[in-house]
Amino acid sequence: MVKSDNVSFEEIAVHTGHRARAGVLNLHRHPVRTPVFMPVGTQGTIKGLTSEQLEGLDLDIILANTYHLGLRPGEDVLTAMGGLHSLMSWPRNILTDSGGFQMVSLLELANITEEGVEFQSAHDGSRINITP
């Protein structure tokens with residue numbers, strides 16, 4: 001078992017002769033069984049499913065996108081709602097990406113500095129800063 005202060009990983013099964021394995025990543029909110037299916041909720045929602053339906057599917061974690069969340073609904077709305085978990089009514093884990101893909105794919109809309117990346121919204125021209 002690999003363990004740190006708030007996270008541990010326990011191997012459940014290992015394929016003999018290969019590197020494949022199954023395990024449980026124990027996180028603060030909910031354990032994540034691996035290998036894992038992680039649906040994408042780009043803007044804090046899985047289209048067509050409620051949070052209750054997602055829990056009924058016994059999902060451990062959802063992926064959200066930092067860049068898109070920063071544009072819509074935006075930092076002010078996320079803060080006012082008490083964070084992404086509260087906005088989504090999702091009690092389990094959420095993994096947010098770094099915005100690195102958008103930094104490359106939207107390079108013409110980005111200004112990269114030592115402090116982070118400033119993007120210009122393709123929707124309304126507003127600015128969003130993503131910092132480490």
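Hydrogens, waters and symmetry mates play no part in the numbers below; they use all other heavy atoms, side chains included. All residue numbers in this chain count up from 1 along the given sequence.
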Atom CG of Leu106 and atom CD of Glu108: how far apart are they, to the nearest 0.5 Å?
6.0 Å
Is it true that Met88 and Leu78 fall in one hydrophobic cluster, defined by side-chain heavy atoms closer than 4.5 Å?
yes
Step by step, work out the side-chain hydrogen bond (donor to acceptor under 3.5 Å, both in side chains) result for Ser121 and Asp124.
CA-CA 6 Å; Ser121 169; Asp124 63 8; 3.3 Å; yes
Is Ile62 close to Leu54 at the side-chain level, that is, under 4.5 Å between some pair of heavy atoms?
yes
Does the side chain of Arg92 come within less than 4.5 Å of Arg29's, by heavy atoms?
no
So, His28 side chain and Asn6 main chain: donor-acceptor pair closer than 3.5 Å or not?
no
Are Val36 and Leu59 joined in one hydrophobic group, where the rule is that I, L, V, M, F, W and Y side chains link up if heavy atoms are under 4.5 Å apart?
no
Approximate separation, where rounding is to 0.5 Å, of Thr34 OG1 and Glu11 CD
8.5 Å
Using the rule given for side-chain contact (heavy atoms from CB on, under 4.5 Å), can you reason through Leu49 versus Leu57, listing the C-alpha separation, both sets of side-chain angles and the distance that settles it, and then say yes or no?
CA-CA 10 Å; Leu49 295 173; Leu57 294 171; 4.2 Å; yes
To the nearest 0.5 Å, tell me how far Glu118 CD sits from Thr113 OG1.
8.0 Å
Are Ile94 and Ile61 close enough, and set up right, to give a side-chain contact (heavy atoms from CB on, under 4.5 Å), and what steps lead you there?
CA-CA 5 Å; Ile94 300 171; Ile61 192 167; 5.9 Å; no
Considering only heavy atoms from C-beta outward, does the side chain of Val32 approach that of Leu27 to under 4.5 Å?
yes
Do Tyr67 and Leu87 sit in one hydrophobic cluster, given that two such residues count as connected whenever their side-chain heavy atoms are within less than 4.5 Å of each other, even indirectly?
no
Membership question, hydrophobic clusters at under 4.5 Å side-chain separation (ILVMFWY): are Ile112 and Ile128 in the same one?
yes
In terms of hydrophobic clusters joined by side-chain contacts under 4.5 Å, are Leu84 and Met81 together?
yes
Is atom CD of Gln53 surrounded by more than 12 heavy atoms (other residues, nucleotides or ligands) closer than 6.0 Å?
yes
Between atom CD of Glu55 and atom NE2 of His30, what is the distance when rounded to the nearest 0.5 Å?
8.5 Å
Does the Ser105 side chain pair with the main chain of Phe101, one donor and one acceptor, at a distance under 3.5 Å?
yes
Within the 4.5 Å heavy-atom criterion, are Asn93 and Leu25 side-chain neighbours or not?
no
What closest approach, in Å, do Ala110 and Val117 show between heavy atoms, and which atom pair accounts for it?
CB-CG1, 3.8 Å
Counting distance only, does the side-chain N/O of Asp97 pair as donor-acceptor with the main-chain N or O of Thr66 below 3.5 Å?
yes
Which of Leu71, Asn129, Ile130 passes side chain to side chain contact (heavy atoms under 4.5 Å, CB included) with Phe119? It is Ile130
Test your reading of the model: is there a side-chain donor-acceptor pair from Ser51 to the backbone of Ser89, 3.5 Å cut-off?
yes
Heavy-atom distance under 4.5 Å between the side chains of His15 and Arg21, does that happen here?
no
Do the side chains of Asp58 and Arg33 get close enough for a salt bridge, i.e. N-O under 4.0 angstrom?
yes
Side chains of Asn26 and Ser8: is there a donor and an acceptor less than 3.5 Å apart?
yes
Could you tell me if the side chain of Pro39 sits less than 4.5 Å from the side chain of Leu63, heavy atoms only?
no
If only atom types and distance count, is the side chain of Thr42 paired as donor or acceptor with the main-chain N or O of Asn65 below 3.5 Å?
no
